[in-house]
Amino acid sequence: MFAGIEIIIVGVILLLLFGYVGAFDFNKFVEDNKVLFGKLKESNYDFYLRSQYGDNVDINARYQKRVKSAIVAFIGGLIVLMTSTINLNIAIKLVLVFGFSYLVFKDDYNKVRNNYKKNMHDINLQLPYYLKSLEILIQHYTVPVAITRSLETAPEMFKPGLRELIASIDAGDSTIEPYMEFARRYPVRDSMRMMRLLYRLGLGSQERKQEQLIVFSRTISNLQSKSRETKYKERLEKMEKKTMTMLVSTGAGVMLLLLLSLLQMFQNI
C-alpha cells in the first residue's frame, strides 16, 4: 500500500516539476482534452453565465478555468493527505481528495446559479411594478413609444432587455418575437403572457385600445397582489426565523445557567 502511495506522490511531484521547467504544458493538456472535460459541464452552465455576464462572456475560458482549478485542487489535496500523519485508509483518502476537487469544480457553477436564482426572485417581485408604470405611459402613447420612454425610469435589471426590445422594434421587426425574447430573458411568473398582451395591445385599433388596456391593467393588478403576498410571506418567515433564533439562544442560556448552578451545588455538597 505504501509503495502505491509513494508512486502517486512521486508522479505528482514529477508532473509539477515538468510543468515548472516547461516540459509539460498544463494549459495545453486541458485544451487537448476539452472534449473529455466538456462531458462534465452542466447543461445550463452556459445559460447561467450569459444571464450574469451577457453574451460577450468567454464560456470556454471560464470552464477551462474551472477544470484547471479542480485539477490543482486534486493534486494539492493528494499531496497533503498522502504526506500527512492522519491514519486513514488509502481509499478513504482518495475519496476525500476527489470530494474536495469536486467542490472546487462546482464552485463557479453554484455561484452563477445562485446569482441567477436571486436575480429571478428580484425580477419576479419588480416586474409587476414596472408593467404598471408602462401601463400609465400606454394610456398616452403607442406601445413602442411607451416602452422607449419607460427605459429611463425602469429598474436597472430590465434595461439590457428593454434596449434589445427597442432596437428590434426600431429596426422594423413588427412580429411578436422581440417581445418573446424579452420574456425569455426574464422567465419569471407570467412574463410570457404579459408580453403577449403587450404585443396585442400594440396591434389593436384605437377603438379597442381601452378595452385591451383594461385587461392588461387587471392582469398587472393580480401580479402586484401576488408580489405583495410574496413580500409579506418572506417578511413573516424572516421574523419567525429571528424569533426562533432568539428562543433557542434564550433556552440554551437558561440551560447553561441551570447546569452551572447544579455543578456549583454538587461542589458545595
Side-chain angles (χ1 to χ4, degrees), residues 40-53 62 66 69-70 73 76-77 80-81 84 86 88 92-93 95-133 153-161 183-194 218-269:
L40 300 174
K41 187 168 73 169
E42 302 82 0
S43 59
N44 50 10
Y45 180 62
D46 294 6
F47 172 74
Y48 288 150
L49 277 180
R50 289 194 182 98
S51 298
Q52 182 170 347
Y53 299 106
R62 293 273 306 197
R66 284 179 61 191
S69 298
V80 170
L81 275 181
S84 68
I86 301 175
L88 290 174
I92 296 175
K93 287 185 176 182
V95 168
L96 289 174
V97 172
F98 274 112
F100 175 66
S101 304
Y102 178 77
L103 290 176
V104 171
F105 176 73
K106 297 290 283 188
D107 181 61
D108 186 57
Y109 170 76
N110 290 332
K111 284 180 179 176
V112 293
R113 183 188 62 180
N114 292 337
N115 181 75
Y116 174 79
K117 288 182 176 179
K118 182 181 180 301
N119 283 341
M120 286 300 103
H121 174 266
D122 294 341
I123 289 168
N124 211 9
L125 293 179
Q126 293 193 38
L127 183 61
Y129 297 95
Y130 164 71
L131 291 173
K132 188 64 178 177
S133 67
T153 56
E156 198 63 36
M157 62 182 65
F158 295 131
K159 288 184 177 181
R184 284 190 289 269
R185 188 180 183 116
Y186 307 101
V188 293
R189 181 176 57 216
D190 291 330
S191 59
M192 289 285 186
R193 183 159 64 96
M194 293 307 299
R218 285 175 181 169
T219 309
I220 292 171
S221 296
N222 291 334
L223 288 178
Q224 285 182 313
S225 296
K226 291 177 182 178
S227 180
R228 282 192 293 268
E229 287 174 8
T230 302
K231 286 181 180 179
Y232 176 76
K233 184 179 178 182
E234 289 176 351
R235 194 176 296 117
L236 191 62
E237 288 176 351
K238 190 175 181 180
M239 289 176 62
E240 287 176 352
K241 286 179 181 179
K242 286 184 177 179
T243 303
M244 285 301 297
T245 302
M246 184 180 67
L247 289 173
V248 170
S249 301
T250 304
V254 170
M255 291 296 292
L256 182 61
L257 288 173
L258 286 173
L259 182 61
L260 291 174
S261 299
L262 287 173
L263 289 174
Q264 188 68 32
M265 280 175 53
F266 285 127
Q267 286 179 354
N268 294 333
I269 294 175

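Side-chain atoms are counted along with the backbone in the values below, which use heavy atoms only and exclude waters and symmetry mates.
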Colleague: For residues Asp46 and Lys41, determine if any side-chain heavy atom of one lies less than 4.5 Å from a side-chain heavy atom of the other.
Modeller: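 They are in side-chain contact.
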Colleague: For Tyr129 and Gln224, work out which heavy atoms get closest and say how close.
Modeller: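 Closest approach of Tyr129 to Gln224, heavy atoms only: CD2-NE2, 3.4 Å.
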Colleague: Write down the atom of Tyr186, the atom of Met157, and the distance for their closest heavy-atom approach.
Modeller: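 Reported closest heavy-atom pair: OH-O, 2.8 Å.
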Colleague: Nearest 0.5 Å, what's the NZ-OG distance between Lys132 and Ser221?
Modeller: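 So the NZ of Lys132 and the OG of Ser221 are separated by 4.5 Å.
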Colleague: Which heavy atom of Ile220 sits nearest a heavy atom of Leu131, and at what distance?
Modeller: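 That closest heavy-atom pairing would be CD1-O, 3.4 Å.
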Colleague: Which pair of non-hydrogen atoms, one from Pro160 and one from Arg185, has the smallest distance, and what is that distance?
Modeller: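 In terms of heavy atoms, the two residues are closest at CB-NH2, 3.3 Å.
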Colleague: Are the side chains of Thr250 and Met246 in touch, meaning some heavy atoms are under 4.5 Å apart?
Modeller: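 In short, these two side chains touch, coming nearer than 4.5 Å.
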Colleague: Does some side-chain heavy atom of Tyr48 sit less than 4.5 Å from a side-chain heavy atom of Glu42?
Modeller: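 No, their side chains stay 4.5 Å or more apart.
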Colleague: Within a reach of under 6.0 Å around CZ of Phe100, are more than 12 heavy atoms found that belong to other residues, nucleotides or ligands?
Modeller: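 No, the 6.0 Å shell around CZ holds no more than 12 heavy atoms from other groups.
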Colleague: With side chains defined as the heavy atoms from C-beta onward, is the minimum distance between Asn115 and Lys118 less than 4.5 Å?
Modeller: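 In short, these two side chains do not touch, never coming nearer than 4.5 Å.
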Colleague: Do you know the tightest heavy-atom contact between Lys159 and Ala154?
Modeller: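 Smallest interatomic distance, heavy atoms only, reads CE-O, 3.3 Å.
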Colleague: Just so I know, are the side chains of Leu127 and Met194 near enough to count as touching, which here means a heavy-atom distance under 4.5 Å?
Modeller: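 Of all side-chain heavy-atom pairs linking Met194 with Leu127, none is under 4.5 Å.
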Colleague: At their closest point, which heavy atom of Val112 faces which heavy atom of Tyr53, and how far apart are they?
Modeller: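 Distance-wise, the nearest heavy atoms are CG1-CE1, 4.2 Å.
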Colleague: With a 4.5 Å limit on heavy-atom distance, are the side chains of Asp190 and Thr219 in contact?
Modeller: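 When only atoms from C-beta onward are counted, Thr219 and Asp190 do not touch, as no gap falls below 4.5 Å.
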Colleague: Regarding Asn44 and Tyr109, is there a side-chain donor-to-acceptor distance under 3.5 Å anywhere?
Modeller: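 A donor-acceptor contact under 3.5 Å links the two side chains.
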Colleague: Angle class for the Tyr130/Phe158 ring planes (parallel below 30°, perpendicular above 60°, tilted otherwise)?
Modeller: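 Tilted, since the angle between the ring planes falls between 30° and 60°.
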